[in-house]
Amino acid sequence: MIAPPDRMPLPREFFDRPVLEVAPDLLGRIVVRTTPDGPIVLRITEVEAYDGGNDPASHAYRGPTARNGVMFGPPGYVYVYFTYGMWHCMNLVCGPEGTARGVLLRAGEIVEGAELARKRRLSARNDKELAKGPARLATALDVDRSLDGTDACITGETPLRMLAGTPVPSHQVSNGPRTGVSGEGAVHPWRFWITNDPTVSPYRAHTPRRRPS
DNA sequence: GCATCGATGGGCT
DNA sequence: GCCCATCGATGCA
């Protein structure tokens, strides 16, 4: 259960800060996904920061498109993209507006509504795996492109919103290179996770695809 | 147990 | 044509 003080909404100003400040500060914060069957609540344990137009690894690097338009909007909104022909991944837009910075949610712990998450994650062998990995996290929360552009900073029964939760002190935060990022973007240690947390996805160095013969 | 492989589709250069 | 995450199958300990 979440203690009452932790149920305060995260104000939009939280996201209107440098993305490298916001990303580690998101650890321990709470995502509430309201579904017709009830809420699924997740505590964030692993994130990655993306620096918009300055970052070759960001979807926003080459400017706005129909897909990434939400990234260029105001902070506190949800950007959802479709990947690998099967999966979705979820980001929170950071400010200031127009810079297209954002944080990818990579892993979390389901703290409420686990029975709903399990129905969507039938291959998970235990509850620690329900949201271990960005596409697993989006699947567990029933997040797809229909939620792209959702405002996560308004109160009430919105489909998706952020709560304050309990921030993680910096001595419990680890950081390292981002997962699945190749090229010059790989040098930045912009992946942040809660040290020793069992729901954090294992690090995989970027492995180039083998060319078809 | 663990590594490796193939399959999946859209967005963009 | 390259780049993205995950899963089930397979092969090797």
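Quick note: numbers below take in every heavy atom, side chains included, and nothing from hydrogens, waters or symmetry partners. All chains are named by letter (A, B, ...) in the order of the sequence lines, taking the proteins before the strands, and each is independently numbered beginning at 1.
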message: Determine whether the aromatic ring of A/Tyr84 stacks with the base of C/dA5, defined as ring centroids separated by less than 5.5 Å and ring planes inclined by less than 30°.
response: yes
field: For A/Arg17, side chain to side chain donor-acceptor pair (under 3.5 Å) partners two or more places apart
entry: A/Glu21, A/Asp25
statement: Sequence neighbours excluded, the answer for side chain to side chain donor-acceptor pair (under 3.5 Å) partners of A/Arg136 is none
message: For A/Asn196, is the CG atom crowded, meaning more than 12 foreign heavy atoms sit under 6.0 Å from it?
response: no
Taking side chain to side chain contact (heavy atoms under 4.5 Å, CB included) as the definition, give me every residue that meets it alongside [X], ordered by chain and number, with sequence neighbours left out.
X: A/Ala60; result: A/Ser58, A/Met71, A/Phe72, A/Ala100
X: A/Asn175; result: A/Pro189, A/Phe192
X: A/Arg118; result: A/Ala114, A/Glu115, A/Asp127, A/Leu130
X: A/Thr139; result: A/Trp87, A/Arg120, A/Arg121

If I take atom [atom1] in residue [X] and atom [atom2] in nucleotide [N], what distance separates them, rounded to the nearest angstrom?
X: A/Glu46; N: C/dA5; atom1: CD; atom2: P; result: 11 Å
X: A/Arg191; N: C/dA5; atom1: CZ; atom2: P; result: 12 Å
X: A/Asp144; N: C/dT6; atom1: CG; atom2: C1'; result: 17 Å
X: A/Trp87; N: C/dT6; atom1: CH2; atom2: P; result: 8 Å
X: A/Leu105; N: C/dA5; atom1: CG; atom2: C1'; result: 15 Å

field: Partner set under salt bridge (Lys or Arg N to Asp or Glu O under 4.0 Å) for A/Glu13, not counting sequence neighbours
entry: none
message: Looking at A/Asp55 and A/Arg178, is there a salt bridge between them, counting it only when a charged N and a carboxylate O are closer than 4.0 Å?
response: yes
Would you list the atom pairs, donor with acceptor, under 3.5 Å between side chains in residues 31-42 of chain A and any protein atom, with sequence neighbours excluded?
from: A/Arg33; atom 1: NE; to: A/Leu141; atom 2: O; distance (Å): 2.8
from: A/Arg33; atom 1: NE; to: A/Asp142; atom 2: O; distance (Å): 3.2
from: A/Arg33; atom 1: NH1; to: A/Pro159; atom 2: O; distance (Å): 3.2
from: A/Arg33; atom 1: NH2; to: A/Asp142; atom 2: O; distance (Å): 3.0
from: A/Thr34; atom 1: OG1; to: A/Thr158; atom 2: O; distance (Å): 3.2
from: A/Thr34; atom 1: OG1; to: A/Arg161; atom 2: NH1; distance (Å): 3.4
from: A/Thr35; atom 1: OG1; to: A/Asp37; atom 2: N; distance (Å): 3.2
from: A/Thr35; atom 1: OG1; to: A/Gly38; atom 2: N; distance (Å): 3.2
from: A/Thr35; atom 1: OG1; to: A/Gly38; atom 2: O; distance (Å): 2.6

query: When the P atoms of B/dC5 and C/dA13 are considered, how many whole Å apart are they?
result: 15 Å
Enumerate the protein-to-nucleotides 10-13 of chain B contacts in which both atoms are nitrogen or oxygen and the separation is below 3.5 Å.
from: B/dG11; atom 1: O3'; to: A/Arg67; atom 2: NE; distance (Å): 3.4
from: B/dC12; atom 1: OP1; to: A/Thr65; atom 2: OG1; distance (Å): 2.4

Table of protein N/O atoms under 3.5 Å from nucleotides 10-13 of chain C N/O atoms:
none

Contact residues, residues 120-129 of chain A to DNA chain C [heavy atom, < 4.0 Å]: A/Arg121, A/Ser123
task: Any side-chain hydrogen bond (donor to acceptor under 3.5 Å, both in side chains) involving residues 88-99 of chain A? Give me the pairs, sequence neighbours left out, ordered by first then second residue.
output: none
